[in-house]
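Right, one structure below, let's go through it.
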Amino acid sequence: GAVVSQHPSWVICKSGTSVKIECRSLDFQATTMFWYRQFPKQSLMLMATSNEGSKATYEQGVEKDKFLINHASLTLSTLTVTSAHPEDSSFYICSARPPTGVTEAFFGQGTRLTVV
Amino acid sequence: AQSVTQLDSHVSVSEGTPVLLRCNYSSSYSPSLFWYVQHPNKGLQLLLKYTSAATLVKGINGFEAEFKKSETSFHLTKPSAHMSDAAEYFCVVTANSGGSNYKLTFGKGTLLTVNP
């Protein structure tokens with residue numbers, strides 16, 4: 001299957017700083033990528049849909065100025081958590097829209113963010 | 001509109017005994033259905049998928065699932081549990097094969113515990 005690589009796998013940062021998470025499709029071009037947040041023992045919550053070359057589409061209740069998404073190429077989307085606070089600590093997962101003819105989504109390994 | 005209901009938040013089995021994880025779905029269109037597994041602090045790995053072909057789907061690691069349209073179910077089974085099967089399992093549905101409105105809907109997850 002196709003591979004989606006997410007980096008870093010974990011990060012610790014201080015309150016008030018910004019953190020960037022990268023999501024790369026390694027062997028296919030992804031016109032659309034998705035960013036999810038997962039709270040402990042809960043399911044994935046879609047934060048936003050990242051579209052190559054255009055603005056991301058955010059889900060209701062997600063602050064676009066807090067979670068900046070950039071999808072500058074067909075293989076890379078980034079999520080930047082700006083002015084991080086302890087309540088932003090969570091597990092963030094990206095996935096890539098499958099190539100034509102493939103129905104399943106491919107997920108990154110996830111990033112554990114801890115804000116201290 | 002589409003939705004997924006995983007009927008059990010936690011299933012506990014003994015090693016070597018059968019596994020049954022239940023999933024019911026609703027969808028306005030012909031759905032594609034997936035089971036993903038997530039180990040702690042990891043991304044999601046696809047176990048199997050149903051996309052309107054054979055209703056009995058075989059996946060990796062000995063898992064299989066049967067699509068039953070009349071019951072709107074897609075239960076996941078395995079004849080004999082292994083300790084390494086202990087993880088969180090998500091049932092996922094999409095009613096779009098990859099067009100512009102591609103969106104996944106996740107169940108809340110079932111935690112599988114395997115006892116020695």
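Here is how names work: the chains are called A, B, and so on, in the same order as the sequence lines, proteins then strands, and each is numbered from 1. Heavy-atom basis, side chains included; hydrogens, waters and symmetry copies ignored.
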Point to revise | Interchain contact, Gln6(B) with chain A, by part (heavy-atom threshold 4.5 Å) | key: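 For Gln6(B), no heavy atom lies under 4.5 Å from chain A.
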Point to revise | Region of Leu44(B) that comes under 4.5 Å of a non-hydrogen atom in chain A | key: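 Contact with chain A involves both backbone and side-chain atoms of Leu44(B).
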Point to revise | Side-chain H-bond candidate by donor/acceptor type, Ser3(B) with Ser26(B), under 3.5 Å | key: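 The answer is yes; a qualifying pair exists.
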Check your understanding: Who in residues 32-71 of chain A is close to chain B, using a strict under-4.5 Å heavy-atom cut-off?
Key ->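 The stretch touches chain B at Phe34(A), Tyr36(A), Gln38(A), Gln42(A), Ser43(A), Leu44(A), Leu46(A), Glu59(A).
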**Study point:** Atom NZ of Lys49(B): over 12 foreign heavy atoms under 6.0 Å
**Key:**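 Above 12, so yes.
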Review point. Can you say whether the rings of Phe106(A) and Phe28(A) are parallel (under 30°), tilted (30 to 60°) or perpendicular (over 60°)?
Key: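 The rings of Phe106(A) and Phe28(A) sit tilted, inter-plane angle from 30° to 60°.
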Exercise for review: Name the orientation class of the two ring planes belonging to Tyr50(B) and Phe74(B) (parallel below 30°, tilted from 30 to 60°, perpendicular beyond 60°).
Suggested key: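 Aromatic pair Tyr50(B)/Phe74(B) classed tilted.
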Exercise for review: May I ask you to decide if Ser83(A)'s main-chain N or O and His85(A)'s side chain share a donor-acceptor pair within less than 3.5 Å?
Suggested key: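 Present.
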Check your understanding: Would you say the side-chain atoms of Thr110(B) pair up with the backbone N or O of His10(B), donor to acceptor, closer than 3.5 Å?
Key ->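 Pair absent, no side-chain N/O of Thr110(B) close to backbone of His10(B).
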Review point. Do you know which two heavy atoms are closest between Asp85(B) and Leu112(B), and how far apart they sit?
Key: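 Smallest interatomic distance, heavy atoms only, reads O-CD2, 3.6 Å.
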